[in-house]
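Below is one structure, written out as structure tokens; the observations come after it.
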Amino acid sequence: MPSPASTAEPFDAEVRVQHTLFKTPDESFAVVLVQAPDGDTIAAAGPLAHLTRGTRARIAGHWAEHPKYGHQVQAELGYELDPDDASGTRKYLQTIRHIGKSRARALIDRYGDAVFEEIDRDPEAAFRALDGLGAKAAARAAESWRERRVLRDLYILLAPHGAGWLAAQLRATHGNEAAPLVRRQPYLLTEEHGVGFATADAIARANGVAADSPARARAATVHLLREGERQGHTYLAHDDLRARTRELAGELPDELLDALAADRVVAREGDTIALAATFETERATAAKLARLARAEPTLKRPARSAGGQDLSQEQDAAVEAAFTRRLSVVTGGPGTGKTTLVEAIVERAKSTKAEIALCAPTGRAARRLEEATGQPATTIHRLVEWQPGEGPLRGPGYPVECDLLVVDESSMLSLDVAALLLNALDDDTHVVLIGDADQLPPVGAGKPFADLIESVQAPVARLTHVFRQAARSLIVQAAHAINRGEPPRTQATDTEVRDFFFIEKAGDSDAADEIVALATERLPRHYDADPIRDVQVLAPIYRGAVGVDALNERLRARLNPEGARCLDGPLRAGDKLIQTRNDYSTGLMNGQIVIALGEDEDGEELLVETDAGERVAVPAERAHSLRPAYAISVHKSQGCEMPVVIVPVHTSHTVLLSRNLLYTAVTRARRACVLVGQAEAITRALRRADAFRRNSRLAELLAGA
């Protein structure tokens with residue numbers, strides 16, 4: 001084995017895998033112990049998560065010195081090899097369905113050293129030749145064989161480009177045609193989560209796609225429009241798209257855009273270019289909102305005294321609009337009486353015998369709404385009776401059955417979720433959208449709540465009066481001060497509740513130490529709170545000592561060090577996790593927080609509990625979308641009000657620090673909010689009023705409807 005002085009020396013050898021020390025949730029990286037040809041045990045790190053114990057494999061890369069693990073191989077690729085001895089061959093064959101010890105021996109006796117080649121040539125024929133194995137069992141054995149071989153072929157194809165982790169997911173999606181499909185249409189990989197254009201492009205070029213190929217330019221254009229949607233835009237301006245394409249793959253000819261439009265892949269209107277499906281969703285959503293805004297009311301107007309609440313003039317106008325207009329909007333910050341307003345709407349609906357439904361985007365928000373009003377509330381996906389892998393049951397032919405629908409936390413509705421909800425409503429339903437227009441825009445493309453307000457097509461009640469009881473909270477006062485661009489107070493008077501704090505820590509490592517101590521010990525003890533379920537760290541960025549990733553690692557080491565490993569990966573039973581993309585097969589949506597309960601008996605699924613108290617089984621190949629959530633980004637915290645919130649504020653976050661980001665973070669806290677870091681970082685955030693502009697056509701479409 002090379003000495004430490006010979007780091008960077010190439011390594012390329014056949015090895016025997018002994019043990020997996022670590023692998024990431026998406027299986028893009030793993031550290032494994034292997035037996036080298038000279039018999040030594042060495043560590044190898046890289047795209048090796050697919051290699052299982054006892055596997056004979058080829059690993060290629062170079063020697064490197066890791067600061068923690070010492071001398072190891074930095075692998076660039078690794079793939080399974082066929083066994084080279086009788087014992088290994090028998091064990092390999094026994095992993096195939098319906099092929100036990102005796103049938104494995106029979107196959108070796110029949111075909112000898114050429115057993116793998118003979119099975120590859122015609123798996124059904126090879127297995128049908130076995131005594132006692134019927135046609136159906138032989139077919140299932142052949143399918144099992146192809147699955148195993150396809151996975152290996154995919155790794156050989158993908159691993160040199162750092163995408164070996166995607167093999168299992170591609171096989172699950174495309175079956176035994178996955179490898180040929182990737183070779184024929186490599187840019188399809190950009191549709192898979194986590195695969196950028198550069199990776200797909202490298203695979204394409206390795207498989208003969210020319211730099212000036214129309215397929216390459218087409219794939220780059222579609223990828224950039226999808227990337228724009230991940231950034232929140234429902235479209236890109238023509239010049240912006242051309243500039244992005246030029247940087248990625250060369251010039252974007254107008255003829256290509258015309259061809260994509262003719263194929264209904266993109267839609268083009270004036271200077272705007274969008275994916276065709278998104279373009280149509282935005283148009284249909286605007287049309288539905290416009291119809292609601294213009295339609296005559298169908299509810300009986302309740303007496304003003306119904307319910308008996310003492311409402312402000314703003315609140316009273318909002319309640320009136322709920323019954324006299326088919327579509328109305330309420331926006332207001334913390335302490336302005338949005339909950340009291342919903343209670344008044346519920347009581348007045350009861351007085352007129354109107355059937356009311358309450359919903360919110362997340363389970364936490366729905367539960368909070370139900371507790372506050374005493375009226376059943378549900379998530380939007382449950383309201384539309386979403387079926388994982390199938391879609392909503394509720395729609396035009398089977399609408400949600402209610403006369404009046406109140407949607408809380410509406411500012412976090414993306415275009416897709418808004419469209420899903422509106423499509424499930426009957427033409428006679430009254431809709432009230434309640435939210436806070438000063439929060440960050442939603443996770444996902446579009447900003448329907450802000451666009452509806454901007455369009456002035458529906459009555460908007462702006463709640464500005466902070467009620468006396470709420471005004472006692474420094475959290476509420478801090479939120480409104482931040483929204484005005486003013487420094488928040490942390491010292492309370494005798495009549496105020498000191499629930500908002502700032503702890504000065506100039507260095508990022510000192511700030512990180514303070515955050516870990518606060519989240520794991522001091523705040524849970526002081527507030528009698530569960531450190532996993534009731535305390536949430538919200539960071540503006542992912543990198544750095546006070547970023548999401550580093551804080552997650554440290555917090556989990558303190559809060560869940562002994563949790564049983566699940567699915568042979570880094571996720572542990574007891575972990576708090578966040579879903580990082582919409583997964584319609586499981587019903588888990590981007591930004592949803594769950595608790596890991598453990599794996600199923602077969603070790604093929606991760607069982608999680610959602611914020612609505614439901615249990616969901618996540619297949620192993622889809623678990624890569626779940627990440628630790630002891631710390632999460634501020635953006636993904638929308639709709640998730642937590643008892644205790646800790647927010648690092650550091651000048652290293654300047655690229656994302658803004659007034660509405662800080663406002664959103666503070667308004668997530670119910671009992672206590674602690675900012676940790678530098679006063680200068682808070683000042684910079686207050687100076688920057690809006691750092692999250694996004695392209696959307698909805699306001700324009702509504703105004704012109």
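We're numbering straight along the sequence, starting at 1. Owing to the predicted nature of the structure, the values given are computational and were not obtained by experimental measurement.
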Evaluation steps, side-chain contact (heavy atoms from CB on, under 4.5 Å), between Q457 and L289 = CA-CA 9 Å; Q457 297 303 298; L289 289 170; over 6 Å; no
Would you say [X]'s side chain and [Y]'s backbone share a donor-acceptor pair under 3.5 angstrom?
X    : Y    : value
Q477 : A471 : yes
Q592 : D611 : no
T664 : L440 : yes
N552 : A631 : yes
T221 : A217 : yes
T331 : A437 : yes
Q536 : A629 : yes
R242 : L252 : yes
Q678 : T651 : yes

Quick check: closest heavy atoms across [X] and [Y], and the distance to 0.1 Å?
X    : Y    : value
T190 : F197 : CG2-CA, 3.9 Å
N590 : K636 : OD1-NZ, 2.5 Å
A511 : V676 : O-CG1, 3.9 Å
M412 : P361 : CG-CG, 3.3 Å
L518 : V674 : CD1-CG1, 4.0 Å
R268 : L257 : NH1-CB, 3.7 Å

Any side-chain heavy atom of [X] sitting closer than 4.5 Å to one from [Y]?
X    : Y    : result
Q313 : H465 : no
M589 : H381 : yes
L433 : F449 : yes
R670 : I475 : no
E409 : T362 : no
L559 : Y630 : yes
D438 : Y663 : yes
L698 : L452 : no

Do D583 and S625 pass the side chain to side chain donor-acceptor pair (under 3.5 Å) test, and can you show the C-alpha distance, the side-chain angles, and the key distance before you say yes or no?
-> CA-CA 8 Å; D583 188 338; S625 296; 5.3 Å; no
When you look at T234 and E282, which way does the side chain to side chain donor-acceptor pair (under 3.5 Å) test go after all the steps?
-> CA-CA 8 Å; T234 62; E282 199 162 28; 3.0 Å; yes
Partner residues of R694 under the side chain to side chain contact (heavy atoms under 4.5 Å, CB included) criterion, sequence neighbours left out |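 So R694 forms a side chain to side chain contact (heavy atoms under 4.5 Å, CB included) with H233, P441, P442, K447, H635.
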Any ion pair linking [Y] and [X] (charged N to carboxylate O, less than 4.0 Å)?
X    : Y    : result
E371 : R364 : no
K338 : D436 : no
R244 : E247 : no
R230 : E227 : yes
R462 : E314 : no
D575 : R556 : yes

Sequence neighbours left out, what passes ring pair (Phe, Tyr, Trp, His ring centres under 6.0 Å) with H650? Give chain and number order.
->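 Testing H650 for ring pair (Phe, Tyr, Trp, His ring centres under 6.0 Å), a comparison that skips the adjacent residues, returns none.
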Could you walk me through whether K576 and N560 pass side chain to side chain donor-acceptor pair (under 3.5 Å), step by step?
-> CA-CA 9 Å; K576 178 160 68 172; N560 191 28; over 6 Å; no
Evaluation steps, side chain to side chain donor-acceptor pair (under 3.5 Å), between S414 and D416 = CA-CA 5 Å; S414 66; D416 282 345; 5.5 Å; no
Over-ring placement of R697 relative to F279, 6.0 Å and 45° cut-offs =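 Flagged: R697 positioned over aromatic ring of F279.
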Answer yes or no: are there more than 12 heavy-atom neighbours, outside E700 itself, under 6.0 Å from its atom CD?
->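 Open: at most 12 neighbouring heavy atoms sit under 6.0 Å from CD of E700.
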Start with the C-alpha distance between L626 and Q579, add both sets of side-chain angles, then the distance that settles side-chain contact (heavy atoms from CB on, under 4.5 Å), and finish with yes or no.
-> CA-CA 5 Å; L626 288 166; Q579 179 74 14; 3.2 Å; yes
Got a sec, which residues hit side-chain hydrogen bond (donor to acceptor under 3.5 Å, both in side chains) with R246, two or more places apart in sequence or on another chain?
->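 E251.
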Examine the side chains of Q491 and E496 and answer whether a donor and an acceptor come within less than 3.5 Å of each other.
->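 No, E496 and Q491 have no side-chain donor paired with an acceptor closer than 3.5 Å.
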